[in-house]
Amino acid sequence: MYHLAVDAHDLPAQARFWAEVLDWKVLFEADDEIVIGADEHAFPGMCFLPVRESKTVKNRLHVDLSPDDRDTEVERIIALGARRIDVGQGEDATWVVLADPEGNEFCVLRPKRSLTD
């Protein structure tokens, strides 16, 4: 996988939000594209692209994060500008659903040891 493309209205704000969330950096910035990643040679990255239309429905693809401490990470990300949202996950969910500043859903999971954990 090379990168995940993300449609955005405010490319700099979205790129900087996700760079902070993932502890990445802005690697390339132009008016029509901003690329972030851990390093320019570390795949995958995220590429933010401008769109005019607004988000209207739940994402068909979203990012899942698996930190060492879910609750501490949720609070850190909320302080960066995310907000909690309900997509029907239920009260017994082991993950927390958040939305980034433009409303894109993502999940913060409990700590994981493998892709099948």
Side-chain angles (χ1 to χ4, degrees):
M1 187 164 131
Y2 179 65
H3 67 226
L4 179 64
V6 180
D7 292 345
H9 287 275
D10 186 339
L11 274 61
Q14 282 293 91
R16 283 167 180 63
F17 170 82
W18 281 102
E20 286 287 324
V21 167
L22 299 170
D23 194 24
W24 287 0
K25 55 191 165 200
V26 174
L27 302 172
F28 174 81
E29 188 166 354
D31 290 341
D32 62 348
E33 176 182 40
I34 299 178
V35 176
I36 68 169
D39 178 89
E40 74 177 84
H41 300 289
F43 300 119
M46 292 176 81
C47 178
F48 297 86
L49 303 163
V51 295
R52 287 189 206 143
E53 66 274 4
S54 297
K55 181 179 173 315
T56 58
V57 297
K58 182 178 175 284
N59 294 2
R60 300 271 318 249
L61 174 73
H62 69 263
V63 174
D64 282 344
L65 305 174
S66 177
D68 292 332
D69 182 327
R70 185 197 67 195
D71 296 336
T72 298
E73 186 68 355
V74 165
E75 294 309 313
R76 183 184 79 83
I77 295 170
I78 288 172
L80 294 172
R83 68 185 189 288
R84 289 179 182 262
I85 61 168
D86 182 354
V87 294
Q89 65 268 29
E91 292 181 23
D92 59 342
T94 60
W95 63 92
V96 176
V97 182
L98 299 176
D100 72 15
E102 290 197 8
N104 299 302
E105 300 92 4
F106 63 100
C107 295
V108 182
L109 312 175
R110 63 178 170 74
K112 300 283 191 170
R113 295 181 307 270
S114 73
L115 289 173
T116 58
D117 178 19

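Values in this document were obtained by computation on a predicted structure and should not be read as measured data.
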Same apolar cluster: Leu65 and Met1, side chain cutoff 4.5 Å: yes
Sequence neighbours excluded, the answer for ring pair (Phe, Tyr, Trp, His ring centres under 6.0 Å) partners of Phe17 is none
Same hydrophobic cluster for Leu61 and Trp95, using side-chain heavy-atom links shorter than 4.5 Å among ILVMFWY? no
Grab the two heavy atoms, one from Val63 and one from Phe106, that are nearest each other, plus how far apart they are. O-CB, 3.2 Å
Could you list the donor-acceptor pairs under 3.5 angstrom formed by side chains in residues 21-44, with sequence neighbours left out?
residue : atom : partner : partner atom : Å
Glu29   : OE1  : Arg16   : NH2          : 3.0
Asp39   : OD2  : His41   : N            : 2.9

Could you tell me which non-hydrogen atom of Leu49 sits nearest to which non-hydrogen atom of Cys47, and how far apart they are? CD2-SG, 3.7 Å
Salt bridge check: are Glu73 and Arg76 linked by an N-O gap of less than 4.0 Å? yes
Could you go through the side-chain contact (heavy atoms from CB on, under 4.5 Å) check for Val97 and His62 one step at a time? CA-CA 10 Å; Val97 182; His62 69 263; over 6 Å; no
Taking all atoms of both residues into account, what is the closest heavy-atom pair of Leu109 and Pro67, and its distance? O-CD, 3.5 Å
Which residues satisfy the side chain to side chain contact (heavy atoms under 4.5 Å, CB included) test with Glu75, sequence neighbours excluded? Ile78, Arg84
Test of understanding: with side chain to side chain donor-acceptor pair (under 3.5 Å), list the residues that count as partners of Asp69, not counting sequence neighbours. Thr72
State plainly whether one hydrophobic cluster holds both Trp18 and Leu80, where clusters connect Ile, Leu, Val, Met, Phe, Trp and Tyr through side-chain heavy atoms under 4.5 angstrom apart. yes
Can you list the residues that meet the side chain to side chain contact (heavy atoms under 4.5 Å, CB included) rule with Ala99, with sequence neighbours excluded? Arg83, Ile85
Below 4.5 Å, heavy atoms only, C-beta onward: do Asp64 and Lys112 meet side chain to side chain? no
Pairs satisfying salt bridge (charged side-chain N to carboxylate O under 4.0 Å, His left out), at least one member in residues 94-111, at least two apart: Lys55-Glu105, Arg110-Asp117
